Amino acid sequence: MSDSATAPKRRLPQINPVWVLLAVLVVAIIFMNPRFIEPTGYMNFLKRAAPLAILAAGQVYVITSGGFDLSVGSLITLVVVGSSMLTNNDPTATYWVIPLMLAMGLGVGAVNGLVVCFLRVPSLIATLGMMITLNGLAFLWSGGAPRGYLPDTFRFFGRELIRDVPLVRFIPVSVIVLVVVVGLLAWLMHRTNLGRQVHAIGDNPVAARLAGVAVNRVRITAFMLSGLSAAIAGILLGGFAGVSTDVGSGYELQAITAAVLGGAQLLGGRGSVPAALGGALALTAIFTLLNFLGLPQPVRQVVQGLILIAAVAFAMHRRRQTGT
């Protein structure tokens, strides 16, 4: 009898609360706007959520390894501004500008990782400094105001639709990018040795090093994946938001909030890419509800801050109860 009584308790933690939260939010959205259940409603929702979901999937690598990456929002802005300046209204330039932006994302992530690992600068300070630096570069590059425009070949990934799809009628290209990128990051995190090493160094870097884990290399890789995800998010945002000098503003905190909503521990050692995706979708659903209610932008920021505090408090409470 004791075995049957304790069995359900062992199963409950397997259901991440973020999926329950997302289900409740979706029901609330459908109640306020029944057209959400139509393909136009939920596909546009996924299209809006795609950049944040990709960003959160990359951010969770850094958080799980025991760090933060505050530079991703500024990197998004630099990608959009830089792409506009480099394409210079030339559609054919897209084919070398996009690889260059992806390489820049990897490079920024590598610099963040090198500073953290070899200069021993806390990731919070290192990436805050990078955030300020990238903002300054975007301002200098653009002259303080957005110039030019992104050609249709570049904006294809952010705003184009694949039409005549059975059942759903259409699929945004950004949703396909979301599935591919998050799928690859989830595979790396949960099906390869890299993911196990990321969790190990976040849980106990000294023990991981003694066990033979190349701690610095893994940490640098985590920052590079975060930078790459920011570059991809910037390409998508440039596609449907256009050129702006503050297009990435606030995305770094949204990505951290999404990861924490998914159960990632800010002290490292625990994180899930699918759960970070759920957190990003839940956060986007909350913002959608706030828009339906006609609440202003400051209220959205207040709600985001409260969500982050509540999610961290809940995670710490659960950690104390489980003794992990």
Side-chain angles (χ1 to χ4, degrees), residues 16-60 73 76 155-183 185-186 229-230 232-242 247-251 253-262 272-297 299-301 303-304 307-308 311:
N16 194 306
V18 73
W19 300 112
V20 178
L21 173 64
L22 178 60
V24 172
L25 291 169
V26 168
V27 170
I29 291 174
I30 293 173
F31 177 78
M32 297 188 67
N33 182 15
R35 296 186 62 183
F36 183 80
I37 60 175
E38 299 177 3
T40 302
Y42 59 77
M43 280 299 174
N44 284 332
F45 172 81
L46 292 175
K47 178 182 176 181
R48 292 194 307 273
L52 176 57
I54 291 172
L55 197 62
Q59 181 77 236
V60 79
I76 287 174
R155 304 191 71 174
F156 170 85
F157 298 97
R159 69 176 182 181
E160 194 62 36
L161 308 175
I162 297 177
R163 302 185 183 277
D164 300 322
V165 179
L167 300 179
V168 296
R169 297 207 300 266
F170 71 91
I171 298 178
V173 174
S174 58
V175 174
I176 297 175
V177 175
L178 166 66
V179 171
V180 172
V181 173
V182 172
L185 290 176
S229 71
I232 296 172
I235 292 169
L236 295 185
L237 282 169
F240 62 80
V247 63
S249 178
Y251 265 92
L253 295 181
Q254 290 184 32
I256 293 173
T257 304
V260 172
L261 271 177
S272 166
V273 172
L277 168 64
L281 294 176
L283 198 58
T284 304
I286 291 171
F287 293 158
T288 301
L289 282 172
L290 293 178
N291 288 334
F292 284 160
L293 294 172
L295 299 177
Q297 177 69 18
V299 175
R300 172 171 161 167
Q301 294 173 341
V303 170
Q304 181 182 329
I307 290 170
L308 180 58

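For the numbers below, each heavy atom of this structure counts, side chains included, while hydrogens, waters and symmetry mates do not. Note that this is a predicted model, so its numbers are computed, not measured. Throughout, numbering of the chain's residues begins at 1 and tracks the sequence.
- In this structure, the separation between OG on Ser174 and CD1 on Ile235 is 12.5 Å, given to the nearest 0.5 Å.
- Rounding to the nearest 0.5 Å gives a distance of 12.0 Å between CG of Asn291 and CG of Asn33.
- The stretch residues 280-290 participates, sequence neighbours left out, in no salt bridge (Lys or Arg N to Asp or Glu O under 4.0 Å) pair at all.
- For Ser229 against Gly58, the heavy-atom pair with the smallest separation is OG-CA, 3.5 Å.
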Let me have the donor-acceptor pairs involving side chains of residues 43-56, under 3.5 Å, with sequence neighbours excluded, atom names and distances please.
residue	atom	partner	partner atom	Å
Asn44	ND2	Thr40	O	2.9
Arg48	NH2	Thr288	OG1	3.4

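- In this structure, Ile286 CD1 and Thr257 OG1 are separated by 9.5 Å, a value rounded to the nearest 0.5 Å.
- In terms of heavy atoms, Ala275 sits closest to Val18 at O-CG1, 4.0 Å.
- In terms of heavy atoms, Gly248 sits closest to Ile76 at CA-CG2, 3.8 Å.
- Residues Phe36 and Pro34 are not in side-chain contact: their nearest non-hydrogen atoms beyond the backbone lie 4.5 Å or more apart.
- Distance check, rounded to the nearest 0.5 Å: CG of Leu236 to CZ of Arg155 gives 12.0 Å.
- Exactly one of Val179, Val181, Val175 qualifies for a side chain to side chain contact (heavy atoms under 4.5 Å, CB included) with Val177. That residue is Val181.
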Using atom types as modelled, flag every donor-acceptor pair under 3.5 Å from a side chain in residues 156-169 to any protein atom, sequence neighbours excluded.
residue	atom	partner	partner atom	Å
Arg159	NH2	Asp152	OD1	2.5

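- If you take CD on Gln254 and CG on Leu261, they are separated by 11.5 Å, rounding to the nearest 0.5 Å.
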What side-chain donor-acceptor pairs closer than 3.5 Å can you find for residues 21-32, not counting sequence neighbours?
none

